[in-house]
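Have a look at the structure below, then the notes.
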Amino acid sequence: MNLRKPLSALGAVALGMSLLTGCVAGSSSSNGSGDSSSSTGGSVTIGIKFDQPGLGLKDGTTYKGFDVDVARYVAKELGYTDVKFVETPSAQRETMIQSGQVKMIFATYSITDARKEKVSFAGPYFVAGQDLLVRSGTTDITGPDSLNGKKLCSVTGSTSAQKVKDKFANKVDLQEYDTYSKCVAALAAGTIDAVTTDDIILAGFANQSQYQGKLKVVGKPFTTERYGVGIKKGDTALATKINAAITKMISDGTWEKDLKADAGDFSYNKENNPPKATEGQ
Ligand code: GLU
């Protein structure tokens, strides 16, 4: 099923989200740790989001979205025959890599210098931008500078929440939840005035059947978010292999095909996508 539906209100962010039927993740007998040279055969544990439509979504026993597709492609290229997905919420990503609970994270995970103090990244495999999601009838929130006195929801441990604290701290009543789906539910219920995170995440929620026509993305991204693959700090050999896999996924057409299937036709951030995967080597 493909629900490609351009979100006309988004202007440049004409992004519809649809969902691919995912595959059942196989069971795994190993954990995510281990050195990168062991990446031939066997299973690998990968961290994704479980509640972000179009990117990382758990639906019963299936996993779907663009993060999931990139993760599966990379795992296969690395020689793994079995992938086990676990949930890596925004605030837990560094810890879950450091503790070896996951080998790699594909979870709308922006590459930042602060995070690089604890983990390393391969990629990027996508570039997004921070934006705002509001109720359809909202006319007074037009960008980050129009948030004076508004209740804004974002997620603990995200670059999105940090950006609000750094740049708009005095103006905004920031409410931090642990997942974006909770923020979006609160927005739809009228408890908060806007949600902020990456445009592709917000568009995925806006196009869910229960929110269609009720929510809209403002469509003026105000940051650059380079989605990396989180790995153990200093594992340059693994980063090199992941980057080669991402580069192959882009050059053989799979990247574009999967992105369209997962996120619909989108016409924003074209100048930055697909990116060159050179991080962490
Ligand atoms: N890309 C941003 C980040 O890594 C926001 C999305 C998220 O929280 O996963 O923090």
Side-chain angles (χ1 to χ4, degrees), residues 13 15 17 46-58 63 65-71 85-98 102 104-133 144 152-168 172 174-187 194-206 217-218 221-231 259 262-263 266 268-269 272-273 275 277 279-280:
V13 189
L15 172 65
M17 305 291 284
I46 292 179
I48 58 166
K49 296 293 184 68
F50 275 9
D51 70 325
Q52 294 179 193
L55 290 156
L57 192 72
K58 183 176 192 289
Y63 302 88
F66 188 60
D67 283 345
V68 173
D69 288 339
V70 179
F85 288 114
V86 298
E87 186 176 21
T88 47
S90 294
Q92 294 174 37
R93 290 175 292 200
E94 289 82 56
T95 314
M96 290 180 74
I97 291 169
Q98 287 175 311
V102 291
M104 299 181 272
I105 287 185
F106 298 74
T108 59
Y109 196 9
S110 298
I111 300 168
T112 71
D113 288 341
R115 289 172 178 162
K116 279 201 252 181
E117 286 173 17
K118 296 177 176 171
V119 299
S120 287
F121 289 95
Y125 60 88
F126 187 75
V127 182
Q130 186 172 350
D131 211 317
L132 297 166
L133 183 73
L152 179 68
C153 192
S154 199
V155 163
T156 313
S158 67
T159 55
S160 325
Q162 193 58 46
K163 185 81 180 178
V164 174
K165 286 179 199 163
D166 293 347
K167 284 206 87 174
F168 311 107
V172 184
L174 177 65
Q175 320 251 327
E176 287 184 73
Y177 292 9
D178 59 344
T179 62
Y180 295 107
S181 52
K182 289 181 190 164
C183 282
V184 175
L187 175 67
V195 179
T196 189
T197 188
D198 306 332
D199 42 16
I200 191 166
I201 300 174
L202 297 174
F205 282 110
V217 182
V218 168
F222 49 92
T223 70
T224 301
E225 307 294 324
R226 298 163 66 240
Y227 288 180
V229 182
I231 57 174
L259 185 62
D262 292 324
F266 73 101
Y268 72 103
N269 239 325
N272 293 320
N273 282 303
E279 190 73 37

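Residue numbers run from 1 in the order of the sequence given. Side chains are part of it too, since the values below use all heavy atoms of this structure and drop only hydrogens, waters and symmetry mates. Numbering of ligands and ligand atoms starts at 1, following listing order.
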Taking K165 first and then E176, would you say they form a salt bridge - that is, a charged N and a carboxylate O separated by under 4.0 Å? yes
Student check: side-chain heavy atoms of V102 and I97 closer than 4.5 Å: yes
Looking at ligand 1, is there an atom of it that comes within less than 4.0 Å of some heavy atom belonging to V155? no
T159: which of Q130, E225, R115 passes side chain to side chain donor-acceptor pair (under 3.5 Å): E225
Going by heavy atoms, is Q162 under 4.0 Å from ligand 1? no
Tell me, please: is K49 in heavy-atom contact with ligand 1, that is, under 4.0 Å? yes
Report yes or no: does R226 have a heavy atom closer than 4.0 Å to ligand 1? no
Number the atoms of ligand 1 from 1 as they appear, then name those within less than 4.0 Å of a heavy atom of S160, with their elements. 5 (C)
For ligand 1, does T108 get within less than 4.0 Å through its side chain, its backbone, both, or neither, judged by non-hydrogen atoms? both
Winner among F126, Y180, Y227 once heavy atoms are compared against atom 6 (C) of ligand 1: Y180
Testing the 3.5 Å rule here: is there a donor-acceptor pair between the side chains of S160 and T197? yes
Relative to ligand 1, is S90 under 4.0 angstrom through side chain, backbone, both or neither, heavy atoms considered? side chain
Contact between ligand 1 and T112 is defined here as a heavy atom of the residue under 4.0 Å from a ligand atom; is it met? no
Parallel, tilted or perpendicular: ring planes of F222 versus F168, cut at 30 and 60 degrees: perpendicular
Should you measure from each heavy atom of A107, which atoms of ligand 1 turn up under 4.0 Å away? 9 (O)
Atom 3 (C) of ligand 1: which protein heavy atom is closest, and how many Å away? T159 OG1, 3.4 Å
Can you give me the closest heavy-atom contact between T88 and A107, atom names plus distance? OG1-CB, 3.8 Å
Would you check if V70 and F126 make a side-chain contact, meaning some heavy-atom pair closer than 4.5 Å? no
Within the 4.5 Å heavy-atom criterion, are Y125 and D67 side-chain neighbours or not? yes
Short list, please: which atoms of ligand 1 are under 4.0 Å from a heavy atom of T197? 5 (C), 6 (C)
Counting heavy atoms only, name the option from Q52, E225, R115 that's nearest to atom 4 (O) of ligand 1. R115
Y109 heavy atoms, cut-off 4.0 Å: which ligand 1 atoms fall inside? 4 (O)
Have a look at ligand 1 and work out which part of A128, if any, has a heavy atom under 4.0 Å from it: side chain, backbone, both or neither. neither
At less than 4.0 angstrom from any non-hydrogen atom of I201, what atoms of ligand 1 do you find? 6 (C)
Below 4.5 Å, heavy atoms only, C-beta onward: do T196 and V164 meet side chain to side chain? yes
Can you confirm whether the side chains of S90 and K49 place a donor and an acceptor under 3.5 Å from each other? yes
